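FYI, the numbering just counts along the sequence from 1. No experiment lies behind these values; they were computed from the predicted model shown.
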Amino acid sequence: MTLTPGRLVLSEITKAYDGPQGSTAILRGASLTVEPGSTLAVVGPSGSGKSTLLHIIGSLDKPTSGSVVLNGVEVTALEGNRLADFRANDVGFVFQEHYLLPQLTAIENVLLPTIPAGRTAGANERARDLLEEMGVLHRSEAFPAQMSGGERQRTAVARALINGAKLLLCDEPTGNLDREAGSNMISLLTCLAEEQDVSIIVVTHNLEHATRLGTGFELLDGHLVALNACAEADGIQ
Ligand code: ADP
């Protein structure tokens, strides 16, 4: 199953965890629509459920209730091989840590997710195209230890998209980068969305980055609230 780019619709997502004190609701009805090829930022205090939300969108976790629908496919209902295919091909993750394998070069790291499907024809060319798009083609033979933090993180984006995902979920992708590298990363992500029609959701603590990503939401009491609505409520012009 490979999805063409399509609208992402989150409807009334709830998530509760059972603990010694009973059930705690983290998400209480988060809803969102993301158009193909757009970038969106999610901000919110630590522990507000941002990572949990990204994991649910990317099918790594199931909501307690509600649905995630991508291009007409209900991701939250996928099981077995269809779920495995979705995770492998239709969604890419980037985390605060790059998680590149130290013993592989940049291009070998990017090609790693293509191995299970045994797809080699064209993969090398696509890896080079993605590394070029992310501005690190000249580092394709470098090992992670020889690269800067920004170069490693941009390589991790190329790896996340090598199987053709049109949805990229980034959890604090600039958290370990200095100001300039972080800013470059945001510029590259916005170009990527425009040029490759990839929808990108970025969890960030950086309000300047959130503004540059265009549409912003804050996770407040388990709901997604548009950032301009938060500012209006606080009397900020
Ligand atoms: P954020 O990314 O906004 O910092 P998280 O999504 O990581 O927040 O976590 C939200 C809340 O859910 C936290 O209080 C966290 O402790 C709790 N939580 C996350 N995963 C689990 C789990 N598997 N079991 C119980 N509680 C969890």
Side-chain angles (χ1 to χ4, degrees), residues 1-11 13 32-40 51-63 66-95 97-101 104-134 136-137 140 152-171 173 188-203:
M1 177 183 61
T2 298
L3 295 168
T4 50
R7 177 180 285 175
L8 172 72
V9 183
L10 272 64
S11 304
I13 300 287
L32 186 67
T33 298
V34 184
E35 298 299 337
S38 56
T39 54
L40 185 144
S51 298
T52 302
L53 183 70
L54 272 200
H55 294 167
I56 290 171
I57 297 171
S59 78
L60 299 183
D61 200 355
K62 295 264 188 207
S67 66
V68 175
V69 175
L70 179 61
N71 197 30
V73 173
E74 190 176 343
V75 174
T76 29
L78 295 176
E79 302 280 355
N81 287 344
R82 295 194 72 211
L83 177 60
D85 281 354
F86 176 83
R87 286 177 178 160
N89 302 317
D90 296 315
V91 63
F93 273 92
V94 174
F95 302 95
E97 299 290 332
H98 55 79
Y99 297 122
L100 299 176
L101 294 187
L104 300 183
T105 62
I107 194 156
E108 287 168 345
N109 266 290
V110 173
L111 286 166
L112 210 52
T114 68
I115 292 173
R119 276 180 292 162
T120 49
N124 210 50
E125 196 182 337
R126 178 161 169 77
R128 292 179 63 80
D129 285 349
L130 282 166
L131 286 169
E132 185 169 28
E133 177 88 33
M134 294 309 292
V136 281
L137 182 58
S140 62
R152 286 194 281 262
Q153 206 54 328
R154 287 184 267 148
T155 303
V157 173
R159 180 188 52 188
L161 298 176
I162 188 68
N163 282 342
K166 291 293 182 188
L167 175 63
L168 181 66
L169 305 175
C170 306
D171 199 348
L188 284 161
L189 289 177
T190 49
C191 287
L192 191 66
E194 263 178 48
E195 289 169 15
Q196 307 262 341
D197 224 6
V198 176
S199 303
I200 305 179
I201 301 179
V202 180
V203 163

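- The backbone N or O of T105 lies less than 3.5 Å from a partner atom in the side chain of E108, making a donor-acceptor pair.
- Residues L167 and D90 fail the side-chain proximity criterion, which asks for heavy atoms closer than 4.5 Å.
- How far CG of L53 is from CG of L32: 7.5 Å, rounded to the nearest 0.5 Å.
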- Query: Can you check side-chain contact (heavy atoms from CB on, under 4.5 Å) on V69 and L8, steps first, answer last?
  - Reply: CA-CA 6 Å; V69 175; L8 172 72; over 6 Å; no

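- The main-chain N or O of Q196 is found under 3.5 Å from a side-chain atom of K166 such that the two form a donor-acceptor pair.
- The shortest heavy-atom contact between S51 and D171 is OG-OD2, 2.8 Å.
- Within the 4.5 Å cutoff, side-chain heavy atoms of V9 are placed close to those of S11.
- Between I201 and L54 the shortest side-chain heavy-atom distance falls below 4.5 Å.
- With values rounded to the nearest 0.5 angstrom, I57 atom CD1 is found 8.5 Å from F93 atom CZ.
- A donor-acceptor contact shorter than 3.5 Å is absent between the side chain of R152 and the backbone of A106.
- Distance alone, capped at 3.5 Å, is enough to place a donor-acceptor pair between the N163 side chain and the A88 backbone.
- For the side-chain contact (heavy atoms from CB on, under 4.5 Å) with L112, the qualifying choice from L104, I107, I162 is L104, the only one to do so.
- What you find for T76 and G66 is that their closest heavy atoms are OG1-O, 4.3 Å.
- Heavy-atom neighbours of R87 CZ from other residues, nucleotides or ligands within 6.0 Å: above the threshold of 12.
- For the residue pair C170 and L189, the shortest heavy atom distance occurs at SG-CD1, 4.3 Å.
- Side chains of V94 and Q153 form a contact here, defined as non-hydrogen atoms less than 4.5 Å apart.
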- Task: Starting from the C-alpha separation in whole Å, work towards a yes-or-no answer on side-chain contact (heavy atoms from CB on, under 4.5 Å) for L192 and M134.
- Result: CA-CA 8 Å; L192 191 66; M134 294 309 292; 4.3 Å; yes

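- When all heavy atoms are compared, the tightest approach of G92 to A165 is N-CB, 3.8 Å.
- Looking only at distances, no side-chain donor or acceptor of E35 sits under 3.5 Å from a matching main-chain atom of R7.
- Summarising the local packing, CD of E74 is surrounded by more than 12 heavy atoms from other residues, nucleotides or ligands at distances under 6.0 Å.
- At least one side-chain heavy atom of V73 sits under 4.5 Å from a side-chain heavy atom of L78.
- Contact record, R159 with Y99: NH1-O, 2.8 Å, taken as the closest heavy-atom pair.
- In this structure, S199 and L168 have side chains that are not in contact, with every pair of non-hydrogen atoms separated by 4.5 Å or more.
- Across all their heavy atoms, T39 and T190 have their closest contact at CG2-CA, 4.1 Å.
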- Test log, rule side-chain contact (heavy atoms from CB on, under 4.5 Å), inputs N124 and L111: CA-CA 7 Å; N124 210 50; L111 286 166; 3.4 Å; yes

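- Taken to the nearest 0.5 Å, the CG atom of L161 stands 7.0 Å off from the CZ atom of R126.
- The shortest side-chain heavy-atom distance between S59 and L83 falls under the 4.5 Å cut-off.
- Proximity of I56 to V68: side-chain heavy atoms (C-beta onward) are separated by under 4.5 Å at one or more points.
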